[in-house]
There are 2 protein chains.
Amino acid sequence: MSDVSLRASLSGERLRVDYLLTGDEGEARGKADDICLEQTVEFPGDLVPPGAIRELVVGRVEAFGPAGGGRFRATISFAVETTAFDLVQLLNVLFGNISIKPGIRLEALALPPSFLARLPGPRHGRSGLRALLAVPTRPLVCTALKPMGLDAPELADLAHRCALGGIDLIKDDHGLTDQPFCPFEERVARCAEAVARANARTGRACRYMANVTGPADQVLALAHRAKALGAGALLLAPSLVGFDTLRALAADETLGLPIMAHPAFGGSLVTSAENGIAHGVLYGQLMRLCGADLTVYPNYGGRFSFTREECVEIARATAAPLGALRESFPAPGGGMTSDRVADMRAVYGREFAFLVGGGLHRRSADLVSNARHFVDLLEAM
Amino acid sequence: MSDVSLRASLSGERLRVDYLLTGDEGEARGKADDICLEQTVEFPGDLVPPGAIRELVVGRVEAFGPAGGGRFRATISFAVETTAFDLVQLLNVLFGNISIKPGIRLEALALPPSFLARLPGPRHGRSGLRALLAVPTRPLVCTALKPMGLDAPELADLAHRCALGGIDLIKDDHGLTDQPFCPFEERVARCAEAVARANARTGRACRYMANVTGPADQVLALAHRAKALGAGALLLAPSLVGFDTLRALAADETLGLPIMAHPAFGGSLVTSAENGIAHGVLYGQLMRLCGADLTVYPNYGGRFSFTREECVEIARATAAPLGALRESFPAPGGGMTSDRVADMRAVYGREFAFLVGGGLHRRSADLVSNARHFVDLLEAM
């Protein structure tokens, strides 16, 4: 390619990425320069051809300085064309090879308009989901059908009682897939029917959310089958099936169901402070880019270890300006009980989905009353 | 479900997983007990129904003891039926929610015959690939087409010269997808043709390997299109598109091409010693289960930070007994130069694929001669 043609194929639009780098100033600067090469040409710097490849295709350090805590922050820009305007290759440019290099953490990401315009994002978003569920202002209340080992009629009975109690979204536990003791087809059919029957009594618009996390070549078919069986929403764990599978589900015009993203298998991206991807970018921004209407993550103070600040960061990212993309709902969960509600109000306001699992069963043997208790608590906020 | 029916649906076969747990003995024991719940019923222990769910569905600590370095090792077994005999749900049982909990590292995995029988593994494996490439005994020699920014004719010219020089497998750099300056269709067609033309001169059986890492709903179509355009092998980054996408490609009877797994975006699973998945399990065992004929990882001593021991562990796992699954080739790369060859022989014997990228271009301006140099070096082993 002539240098002229390559230059002509590059718009000049660039994504800007902040990385936190561990090490002394020399090491951190070396890491920044390395990221520029490793994430694009993957070629020794001195062998990179001069001209447009070196000037425009290789990443560029736009800013570099101390970030506190003995670390450094580098802002690196990449030509948007390196991403092929595709989410998978975007992830590769952002954190492909360097995911294997210690001491590099992706902290912030700003995408140019030409990239954002290609991703529709959440199909329903906050306001769309509120309309579907007929919950205009209070936080949404979600629960999960569990424990694994119950059969489809038993799970459907739980779903029925949760829906009678006023829960808005009732999801499969994310570990329920197509086990011999609880097959997908029977579970989805029975749970969807049980929720519809409860809605007929309550006049409410509760939705059953089917887990469609499954074999790569079956996810889309599972989603369509779930819809045909009456499911009103979908659950997917993007780290298990690929982030772009979420994008593909959200983009499917004939499907059109709200989607909740579950964090299973992706936690290694956040468990180390020195590596991986910042909480807000991963659970907030990236899941929203993929099209999640709701993004699940472990709330502070539950049985996981996220801090309050990390959760605030996630919630902010679900609503921060992001092209024309709709806002998504943060869905903090993981050991939530009723005494968490007041503080969650302080953190999240009313714009979140309260995800209660085991805690719903602890209060009493009357699941309908337990469900109502949580809905009332959140209604009172 | 009656307790009797649930018991009847469980074969008694269990997978056994070793986890390394950080903390003092009490904390580590707590983590082991927590894994048993978190990875199955995801329910508070005291609320789990007695009977078969508590006895058989919840994971079971089979062994627990000190592992050195202030850590503890727990062997935990899970009923094979919890995996639904599906690779995605297997990953979820192994490391779904607990990926988000610090101080848990998956160190070893033993799968029961009923699970292994469902996964075909590598379609060609070591001996099949040696036959396809007509390389009976020496290590394979692979290179990557780069740097990004070259156009399709330029990459095809590189491919042609590498093939003339005797390289066995010539892959797209994993960042080459469908960029405007180098579209997939033109690149694959030209590179495949260039390699075929070289084979016609040399009488060799070099294969061009097309990168089909792309949008979730296009990977399979890209793979078939690559084959139709003449590609002789496929490159896929499972952490970018989902591990099971690799399984689906390998299982596709009408495709039948050798597949190389690339580690991009998955490195957070190994960068911390206290979290994630052991190198041998991730790059060796799991990639082989998914069906990779070759598994790429950064070699020790290159521009990444894996140790010699970690690389030995990976190589061992590519050939360790694993049901009826074929052996795969370890493909260490990442900054390999000719002075690495002797030590690699000591570590890998002849059963590896030497992956040279930038190093191939450094030796001289004559790429054919450079390629021949590396092939001769490995031939002499």
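Just so it is clear, the values below take in all heavy atoms, side chains as well, and ignore hydrogens, waters and symmetry mates. Chain letters run A, B, ... following the sequence lines, proteins first and then strands; every chain starts at 1.
Residue contact with chain B, scored on non-hydrogen atoms closer than 4.5 Å, involves the side chain of A/D173 exclusively. Contact of A/H262 with chain B is made through the side chain alone, with heavy-atom distances under 4.5 Å. If you measure heavy-atom distances from B/L10 to chain A, the contacts under 4.5 Å come from the side chain alone. Proximity to chain B (any heavy atom under 4.5 Å) is restricted, for A/P298, to the side chain, taken from C-beta onward. If you measure heavy-atom distances from A/Q89 to chain B, the contacts under 4.5 Å come from the side chain alone. In this structure, the portion of A/L47 lying under 4.5 Å from any heavy atom of chain B is its side chain and not its backbone. A/S305 touches chain B through its side chain: at least one heavy atom from C-beta onward sits under 4.5 Å away, while N, CA, C and O do not. Contact of A/V241 with chain B is made through backbone and side chain together, with heavy-atom distances under 4.5 Å. With a 4.5 angstrom heavy-atom cutoff, A/E38 touches chain B only via side-chain atoms. Contacts of A/I277 with chain B are made by side-chain atoms alone, with heavy-atom separations under 4.5 Å and no backbone atom involved. Heavy-atom distances place no part of A/F184 under 4.5 Å from chain B, backbone and side chain included. Only the side chain of A/D86 comes within contact range of chain B, with at least one heavy atom under 4.5 Å from a heavy atom of that chain. For A/V57, the part lying near chain B is the side chain, with the backbone staying farther off; criterion is any non-hydrogen pair under 4.5 Å. For A/P49, the part lying near chain B is the side chain, with the backbone staying farther off; criterion is any non-hydrogen pair under 4.5 Å. Heavy-atom distances place the side chain of A/I53, and not its backbone, under 4.5 Å from chain B.
In terms of non-hydrogen atom pairs under 4.5 Å with chain B, the most contact-rich of A/G334, A/A144, A/A248, A/G214 is A/G214. The choice from B/A84, B/A251, B/S239 that makes the most heavy-atom pairs within less than 4.5 Å of chain A is B/A84. Between chain B and the residues A/V270, A/L56, A/D46, A/T245, the most heavy-atom pairs under 4.5 angstrom are made by A/D46. Options A/S268, A/G358, A/G242, A/A264 differ in how many heavy-atom pairs under 4.5 Å they form with chain B, and the most are formed by A/S268. Looking only at heavy-atom pairs under 4.5 Å with chain B, the residue among A/S99, A/G103, A/A216 that has the most is A/S99. Contact count against chain B (heavy-atom pairs under 4.5 Å) is highest for A/N97 among A/T83, A/I98, A/V219, A/N97. Per-residue counts of heavy-atom pairs under 4.5 Å with chain B were compared for A/P215, A/A237, A/A52, A/P183; the largest is that of A/P215. For the set B/A79, B/P263, B/G357, B/A8, the count of heavy-atom pairs under 4.5 angstrom toward chain A peaks at B/P263.
Side chains of A/S272 and B/T271 form no contact here, defined as non-hydrogen atoms less than 4.5 Å apart. Side-chain contact check for B/M148 versus A/F43: every heavy-atom pair is 4.5 Å or farther apart. Looking only at side-chain heavy atoms (C-beta outward), B/S5 and A/D151 stay at 4.5 Å or farther from each other. The shortest distance between side-chain heavy atoms of A/D244 and B/Q218 does not fall below 4.5 Å. A/D178 places none of its side-chain heavy atoms less than 4.5 Å from the side chain of B/F85.
In this structure, A/K146 contributes its side chain and B/E42 its backbone to a donor-acceptor pair below 3.5 Å. Under the 3.5 Å distance criterion, the side-chain polar atoms of B/Q179 are matched with a main-chain donor or acceptor of A/T82.
How far CG of B/D217 is from CG of A/L249: 9.5 Å, rounded to the nearest 0.5 Å. With values rounded to the nearest 0.5 angstrom, A/F181 atom CZ is found 6.5 Å from B/L6 atom CG. Note that CG of B/L240 and CG of A/L87 are 9.5 Å apart. Values are rounded to the nearest 0.5 Å.
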_A/T177 vs B/V88, side-chain contact (heavy atoms from CB on, under 4.5 Å): CA-CA, chis, key distance, verdict_ = CA-CA 10 Å; A/T177 60; B/V88 173; over 6 Å; no

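Heavy-atom minimum distance, A/I100 versus B/Y283: CG2-OH, 4.4 Å.
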